[in-house]
Amino acid sequence: MALLEIESVLLTEEEIAARVRELGEQITQDYKHLAVEVGEAPNILAVGVLKGVVPFYADLCRSIKLPLAFDFISVSSYGQATSSSGTVRILKDLDVPLENYHVLMIEDIIDTGLTLAYLKEYILRRNPRSFKIAALLDKPDRREVPIAADYNGFVIPDAFVVGYGLDCKECCRNLPHIAVVREV
Ligand code: IMP
């Protein structure tokens, strides 16, 4: 059975928390002119891409000091052949129509960019009032399609990372830090 070895800690819990707070402050500044009053139906929709985004989503949304509505989408790549064409399968669709919302899509990591490029087109077809992307991690060296986040936590090297939501075969999602791993 393949086991994982933690090679190094790339980002500590404290570094992640500090950067997520900064992103939340920046997003709060950028969106505050759009926000409704507390108590009204929120017009900003935080769309999380399950499952790896869960810790980042929870921390980022709590750092955004504006009324937010929550929704989630879950996707799965078809596999090597089709993932290179950017085809993904929607496992759980959004619950709400998007016409009334400023959509902030929140993703854990941008690797090849294929998933995000697909989701961006998918969401834009539903005519949101605006659309932006927040991603915790970016591996630009791996990019196959030109897509970038509007809000990016950390640019990281081309290495496989786990923790803070990110997994390797479902392992390590609940680590509080982000680590580089290799199979042994
Ligand atoms: P992309 O379509 O290649 O950009 O893939 C994005 C998805 O691949 C992410 O949402 C993750 O689920 C997964 N992924 C990419 N790199 C890593 C990594 O280093 N660790 C864990 N998951 C990763």
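Whatever order the structure lists them in is the order used to number ligands and atoms, beginning at 1.
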Could you tell me which non-hydrogen atom of Lys139 sits nearest to which non-hydrogen atom of Asp158, and how far apart they are? CD-CA, 4.1 Å

Within ligand 1, which atoms have a heavy atom of Thr115 less than 4.0 Å away? 1 (P), 2 (O), 5 (O), 6 (C)

To check you understand the geometry: which heavy-atom pair defines the closest contact between Arg143 and Asp138, and what is its length? NH2-OD1, 2.6 Å

Heavy-atom nearest neighbour in the protein, as seen from atom 10 (O) of ligand 1, with distance rounded to 0.1 Å: Asp108 OD1, 2.9 Å

Taking only heavy atoms of Lys139 into account, list the atoms of ligand 1 that are under 4.0 Å away from them. 16 (N), 17 (C), 18 (C), 19 (O)

May I ask you to identify the nearest protein heavy atom to atom 20 (N) of ligand 1, giving residue, atom name and distance to one decimal place in Å? Val161 O, 2.6 Å

The protein heavy atom nearest to atom 9 (C) of ligand 1 is Ile109 CG2, 3.4 Å

Below 4.0 angstrom from a heavy atom of Leu166, which ligand 1 atoms are there? Numbered from 1 as shown, please. 21 (C), 22 (N)

Among protein heavy atoms, which sits nearest to atom 1 (P) of ligand 1, and what does the distance come to when rounded to 0.1 Å? Thr112 OG1, 3.2 Å

Look at atom CD of Glu121 and say whether more than 12 heavy atoms of other residues, nucleotides or ligands are closer to it than 6.0 Å. no

Please collect all salt bridge (charged side-chain N to carboxylate O under 4.0 Å, His left out) contacts where either partner lies in residues 25-44, sequence neighbours excluded, each pair once. none

Ligand 1 contact by Leu116, heavy-atom criterion under 4.0 angstrom: no

With a 4.0 Å heavy-atom cut-off (strictly under), which part of Glu144 contacts ligand 1: side chain, backbone, both or neither? neither

Under 4.0 Å from a heavy atom of Gly113: which atoms of ligand 1 are those, numbered in the order shown and with their elements? 1 (P), 3 (O), 4 (O)

Going by the atom numbers of ligand 1, which of them fall below 4.0 Å from some non-hydrogen atom of Asp167? 21 (C)

Numbered atoms of ligand 1 (with element) below 4.0 Å of Ala159, judged on heavy atoms: 19 (O)

Which of the numbered atoms in ligand 1 are below 4.0 angstrom from a heavy atom of Glu107? 10 (O)

When the ring planes of Tyr118 and Tyr122 are compared, do they come out parallel, tilted or perpendicular, using 30° and 60° as the limits? parallel

Looking at Thr112 and Leu114, would you say the former's side chain and the latter's main chain have a donor-acceptor pair under 3.5 Å? yes

Relative to each other, are the rings of Tyr57 and Phe70 parallel, tilted or perpendicular (30° and 60° limits)? perpendicular

Summary of salt bridge (charged side-chain N to carboxylate O under 4.0 Å, His left out) pairs that have at least one residue in residues 170-184, sequence neighbours excluded: Glu5-Arg182, Glu7-Arg182, Lys51-Glu170, Asp167-Arg173, Lys169-Glu183, Glu170-Arg173

Hey, what's the ring geometry for Tyr151 with Tyr31, parallel, tilted or perpendicular (30° and 60° as the breaks)? tilted

